[in-house]
Amino acid sequence: MAITAIRGFNDILPGDSDVWRRIEKEAVEVFVGFGFSEIKIPVVERTELFLRSIGQGTDIVEKEMYTFCDRRGESLSLRPEGTASVVRAYIEHRLYERTPVCRLFYSGPMFRYERPQKGRYRQFYQIGAEVLGEKSPKLDAEILQMVLMVLERLGLKDTTLYINSLGCTLCRPPFRNRLIAFLEKKREGLCEDCNRRMGVNPLRVLDCKNSACIEAITDAPSILDSLCDTCREHFSEVRRRLELTGIDYTVNPRMVRGLDYYTRTAFEITSEGLGAQNAIVAGGRYDNLVKELGGPDTPCFGFAMGVERIALVVKDRYRGSVPLTVFIPMGDDAEREGIQIVGILRDRGIRVVVDYRDGSLKGRMRRADRLGARFVIILGEDELRSGVVTLRDMESGLQERVSLDLAVDRIQLELKER
Ligand code: HAM
């Protein structure tokens with residue numbers, strides 16, 4: 001029997017991979033423009049890193065990690081996200097000694113044992129960015145502006161930005177107690193998961209998607225009414241800056257996020273047409289994490305975008321975006337001369353495939369068409385003698401004999417128009 005991929009682990013096939021590359025290219029270009037540099041982090045870390053950062057009582061740590069023991073018996077986990085590793089690397093390599101504010105981005109696969117459905121997979125790709133060492137609310141707004149710039153470049157419309165404040169170590173514990181007192185009274189109306197969560201992670205009850213739970217907690221206390229003065233001022237300033245930049249947003253006091261490290265600003269961006277798994281970007285502030293993991297007191301803000309989900313929305317726009325030219329040499333001399341010609345085409349950024357098979361020109365043209373050729377360059381004995389090539393535009397059907405330089409110009413013009 002043929003071996004298939006594991007459930008929730010996908011192959012990204014040609015065509016789709018063009019879309020992915022485009023998403024990454026646009027994101028990286030924007031990030032670099034905002035002063036970010038890339039960090040490459042390992043796929044596997046010590047399990048303890050995730051327990052201490054994402055949090056013991058979270059779904060990710062409780063139920064979704066791919067954890068195993070290596071040959072020496074050490075507990076390791078496939079990374080379920082990138083923030084923990086970036087913070088670990090920041091502390092381990094003392095990046096704070098190099099620069100007062102560190103702006104890092106990363107991309108790659110993450111792993112969570114979730115129930116697969118459209119937009120939710122067990123291996124999925126994130127492009128993320130983290131700023132370490134800046135506490136100003138102006139930064140929160142600037143990074144949100146950067147994220148929206150990436151989405152705009154990708155032509156993503158119909159998105160909604162939700163923001164919330166999750167308070168700090170000063171104001172969240174009293175809110176948590178108020179919430180527990182409220183939830184105790186609603187116990188019967190809450191789902192089994194929420195009843196369990198109440199003890200370990202009561203804030204998560206606020207964003208349970210179960211309709212009975214939503215109903216039971218309609219008049220739950222709002223975290224925004226419990227913020228201390230510093231957190232309230234921080235949140236107001238984020239909102240002021242967003243308004244100043246002309247960014248639309250919706251405040252959602254129920255949005256609490258599934259990772260424990262957040263403080264103050266948290267956000268999510270959703271996109272229409274994705275169904276239940278509609279968050280395409282999410283992140284926020286995590287001012288205590290570096291210190292909790294043994295580093296200096298370092299306020300941070302970051303986010304991660306879900307590549308699969310963005311690709312689902314933009315895929316029709318970017319599929320197969322680089323036009324292909326098929327080179328058909330007719331005969332041994334043309335084949336030999338062709339090596340140089342193909343070299344020149346590729347040097348000039350043209351994507352070329354050589355057709356090596358013999359046969360009639362008609363048959364070879366048909367094959368070029370099936371290869372998806374936008375242009376075909378034919379080099380026969382006649383062309384060789386006259387120092388030209390035959391260029392065929394497969395879209396218009398126009399065919400002409402031109403110099404190699406002119407053929408290059410025509411193809412490059414088409415590339416530029418893309
Ligand atoms: P997150 O909300 O867990 O945050 O994930 C961020 C994004 O990754 C989600 O909005 C979604 O687009 C995508 N994503 C998450 N799980 C899946 C899945 N199973 N299948 C497909 N896509 C998925 C984080 O991971 C934080 N590290 C973000 C962050 C960075 N916060 C601060 N800095």
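Quick note: residue numbers are just sequence positions, from 1. For ligands, and for the atoms within them, numbers begin at 1 and follow the listed sequence.
Within a 6.0 Å sphere centred on CD of Glu192, heavy atoms belonging to other residues, nucleotides or ligands number 12 at most.
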Verdict with reasoning, Arg239 to Glu237, per salt bridge (Lys or Arg N to Asp or Glu O under 4.0 Å): CA-CA 5 Å; Arg239 296 183 59 173; Glu237 182 60 17; over 6 Å; no
Test log, rule side-chain contact (heavy atoms from CB on, under 4.5 Å), inputs Tyr96 and Leu132: CA-CA 8 Å; Tyr96 44 86; Leu132 304 102; over 6 Å; no
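At the top of the distance list for atom 9 (C) of ligand 1, counting protein heavy atoms only, stands Ala279 O, 4.0 Å. The protein heavy-atom contact nearest to atom 27 (N) of ligand 1 is Glu81 OE1, 2.5 Å. Nearest non-hydrogen protein atom to atom 21 (C) of ligand 1 is Gly119 O, 3.2 Å. Among protein heavy atoms, atom 13 (C) of ligand 1 sits closest to Gly306 CA, 3.7 Å.
Taking every heavy atom of Glu114 and a limit of under 4.0 angstrom, the matching atoms of ligand 1 come to 16 (N), 18 (C), 19 (N). Against a heavy-atom cut-off of under 4.0 Å, Gln126 is close to the following atoms of ligand 1: 5 (O), 6 (C), 7 (C), 8 (O), 24 (C), 25 (O). Heavy-atom contacts of Arg257 reach the following atoms of ligand 1: 1 (P), 2 (O), 4 (O) (cutoff under 4.0 Å). Interface of Glu130 with ligand 1, defined as ligand atoms under 4.0 Å from a residue heavy atom, comprises 30 (C), 32 (C), 33 (N).
Using a 3.5 Å distance cut-off with no hydrogens or angles, the side chains of Glu24 and Tyr125 do not pair a donor with an acceptor.
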Side-chain donor-acceptor pairs of residues 143-157 under 3.5 Å, sequence neighbours excluded:
{"from": "Arg153", "atom 1": "NH1", "to": "Glu26", "atom 2": "OE1", "distance (Å)": "3.0"}
{"from": "Arg153", "atom 1": "NH1", "to": "Glu29", "atom 2": "OE1", "distance (Å)": "2.8"}

Side-chain donor-acceptor distances from residues 266-284 under 3.5 Å, at least two apart:
{"from": "Glu268", "atom 1": "OE2", "to": "Arg257", "atom 2": "NH1", "distance (Å)": "3.2"}
{"from": "Gln277", "atom 1": "OE1", "to": "Arg309", "atom 2": "NH2", "distance (Å)": "3.4"}

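Under a 4.0 angstrom heavy-atom cut-off, Tyr261 registers as being in contact with ligand 1. Within the structure, ligand 1 has Tyr262 among the residues with a heavy atom less than 4.0 angstrom away.
A salt bridge does not link Arg52 with Glu45: none of the charged nitrogens is closer than 4.0 Å to a carboxylate oxygen. The residues Arg196 and Glu62 are annotated as salt-bridged, a charged nitrogen and a carboxylate oxygen being separated by less than 4.0 angstrom.
Of the options Tyr121, Phe111, Phe124, the smallest heavy-atom separation from atom 22 (N) of ligand 1 is shown by Phe124.
Close N/O approach between Ile60 and ligand 1 is not found [any backbone or side-chain N/O within under 3.5 Å]. Considering backbone and side-chain N/O of Arg120, none are found under 3.5 Å from N/O of ligand 1.
Ring pair Phe31/Phe105: centre-to-centre distance below 6.0 Å.
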